Undergrad: 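Attaching a single structure in structure tokens format; questions to follow.
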There are 2 protein chains.
Amino acid sequence: MAHSIDEVLKVHGLKITSTRKRVLGLYYQSDHALAHSDIEGQLDGEFDRVTLYRTLAAFEEKGIIHKVLDESGSVKYSLCNSSCQEDRHQDHHLHFQCEKCGNTFCLEGVHIPAPELPGGYQLSDWYMLAKGICQSCAVA
Amino acid sequence: MAHSIDEVLKVHGLKITSTRKRVLGLYYQSDHALAHSDIEGQLDGEFDRVTLYRTLAAFEEKGIIHKVLDESGSVKYSLCNSSCQEDRHQDHHLHFQCEKCGNTFCLEGVHIPAPELPGGYQLSDWYMLAKGICQSCAVA
DNA sequence: TCTTTAAATGCAACAGCGTTTCAGTAAAAA
DNA sequence: TTTTTACTGAAACGCTGTTGCATTTAAAGA
């Protein structure tokens, strides 16, 4: 990849701390969205849980990660691609939640067009979630 | 409407109780999805909060209401239309969350086609949420 | 390099959502 | 009217996420 983790933090105006390096590293390693509980589990006790919440909030605010809504009941995040800016997450791709493993994937290749709304409604953003069986679980 | 509240409960194999009649009545009166907290607020203290959770769970299980995911952080439900069955909620319509009033509406007229998935993924269900300003808030 | 300062962290406490268990109660069937 | 079944209320608990405050650390300036 073109940027190191330190550079990504610096570019987005965040101080380089061990928490942020560790957490961002997990996102770069993962092929699916990660919730706070996933991070906490993988970094068992290494950092305070409140710090992890604040780390995720900082990453989201700076446009490094974006929220991924699914039916798990807790908020997950994935890395943004370059088209996302600090104030606006502009990429409309499909999110896919596997009913077997529970993981949720960003399918960047599947573009979601804006829905047609009835008169009187004003559209600002949209979001699509698909459910089913993911590649790994299908072959397993 | 063709069925009374009592008949709806009976048809779906649920005992007719005062909790269920009151809660189902609220759904028939509302034009937007209702969360447990909305129900609890409108029926201030009339029933135990656990009973209300169980009432909603029973309605969903029987196919009377369906989950409406949005960014509010709590689960909302709306009345199903007739195409929903006990085990499968088959209606793919758009959900619209207003950023002003926070209400989420089922736009039954906007059909959501199945997304195209990359090879290896198996689709079972899908879900689309739009955000923006609703009709009432737009004119206000 | 040392000092300053602004930001990040850890800890304690708290609030909200949702679930489980169990005893008491009410609806529907016999 | 009695019996059976399932619904309800209450208490307790767990998980997710937030806030306030004291302490520590990163980064900027001398």
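Computed from a prediction, not measured in an experiment: that's the story for all the values here.
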Undergrad: In this structure, how many angstroms lie between the P atom of C:dG10 and the CZ atom of A:Arg22, rounded?
TA: 13 Å
Undergrad: Atom NZ of B:Lys67 to atom P of C:dC17: distance rounded to whole Å?
TA: 15 Å
Undergrad: What's the CG-P distance between B:Leu43 and D:dT8, to the nearest Å?
TA: 13 Å
Undergrad: With sequence neighbours left out, what residues match A:Thr51 under side-chain contact (heavy atoms from CB on, under 4.5 Å)?
TA: A:Thr19, A:Asp48, A:Thr55
Undergrad: At less than 3.5 Å, do the side-chain atoms of B:Arg54 and the base atoms of D:dG9 form a donor-acceptor pair?
TA: yes
Undergrad: Rounded to whole angstroms, how far apart are CD on B:Glu60 and C1' on C:dT19?
TA: 15 Å
Undergrad: B:Tyr53 OH to D:dC13 P: how many Å, rounded?
TA: 18 Å
Undergrad: What's the spacing between A:Lys62 NZ and A:Leu9 CG if we round to 0.5 Å?
TA: 11.5 Å
Undergrad: In chain order, what residues pass the side-chain hydrogen bond (donor to acceptor under 3.5 Å, both in side chains) check against A:Glu99, with sequence neighbours excluded?
TA: B:Ser124
Undergrad: In whole angstroms, how far is the C1' atom of D:dT18 from the CG atom of A:Leu56?
TA: 14 Å
Undergrad: Please state whether the phosphate of D:dT16, meaning OP1 or OP2, lies under 4.0 angstrom from any side-chain nitrogen or oxygen of A:Arg49.
TA: no
Undergrad: Would a distance-only check, ignoring hydrogens and angles, find a side-chain to backbone donor-acceptor pair under 3.5 Å from B:Tyr127 to B:Leu69?
TA: yes
Undergrad: How would nucleotides 25-30 of chain D be written as a contact map, 5' to 3', with B for base contact, S for sugar-phosphate-only contact and - for no contact, using protein heavy atoms under 4.0 Å?
TA: -BS---
Undergrad: Can you tell me how the ring of B:Tyr121 sits relative to the ring of A:Phe105, calling it parallel under 30°, perpendicular over 60° and tilted otherwise?
TA: perpendicular
Undergrad: Whole angstroms only, please: what is the CZ-P distance between A:Phe47 and C:dG10?
TA: 7 Å
Undergrad: Consider ring-ring contact (aromatic ring centres under 6.0 Å, His included). Of A:His95, A:His111, A:His92, which one does A:Trp126 pass it with?
TA: A:His92
Undergrad: Hey, which sits more toward the 5' end of DNA chain C by its nearest nucleotide, B:Ser37 or A:Leu52?
TA: A:Leu52
Undergrad: Looking at the side chain of A:Ser74, which of C:dT9, D:dT16, C:dC17 is the nearest nucleotide?
TA: D:dT16
Undergrad: Report the nucleotide, chosen from C:dG10, D:dA11, D:dT16, that has the shortest atom-to-atom distance to any side-chain atom of B:Val50.
TA: D:dA11
Undergrad: Given the rule in the side chain to side chain donor-acceptor pair (under 3.5 Å) test, do A:Asp6 and A:Ser4 qualify, once you have shown the distances and angles that lead to the verdict?
TA: CA-CA 5 Å; A:Asp6 284 24; A:Ser4 73; 5.3 Å; no
Undergrad: Take the protein atom CD of A:Glu46 and the nucleotide atom P of C:dC11, then report the distance between them rounded to whole Å.
TA: 14 Å
Undergrad: Using the side-chain heavy atoms of B:Asp48, tell me which of these nucleotides is nearest: C:dT9, D:dG17, D:dA10.
TA: D:dA10
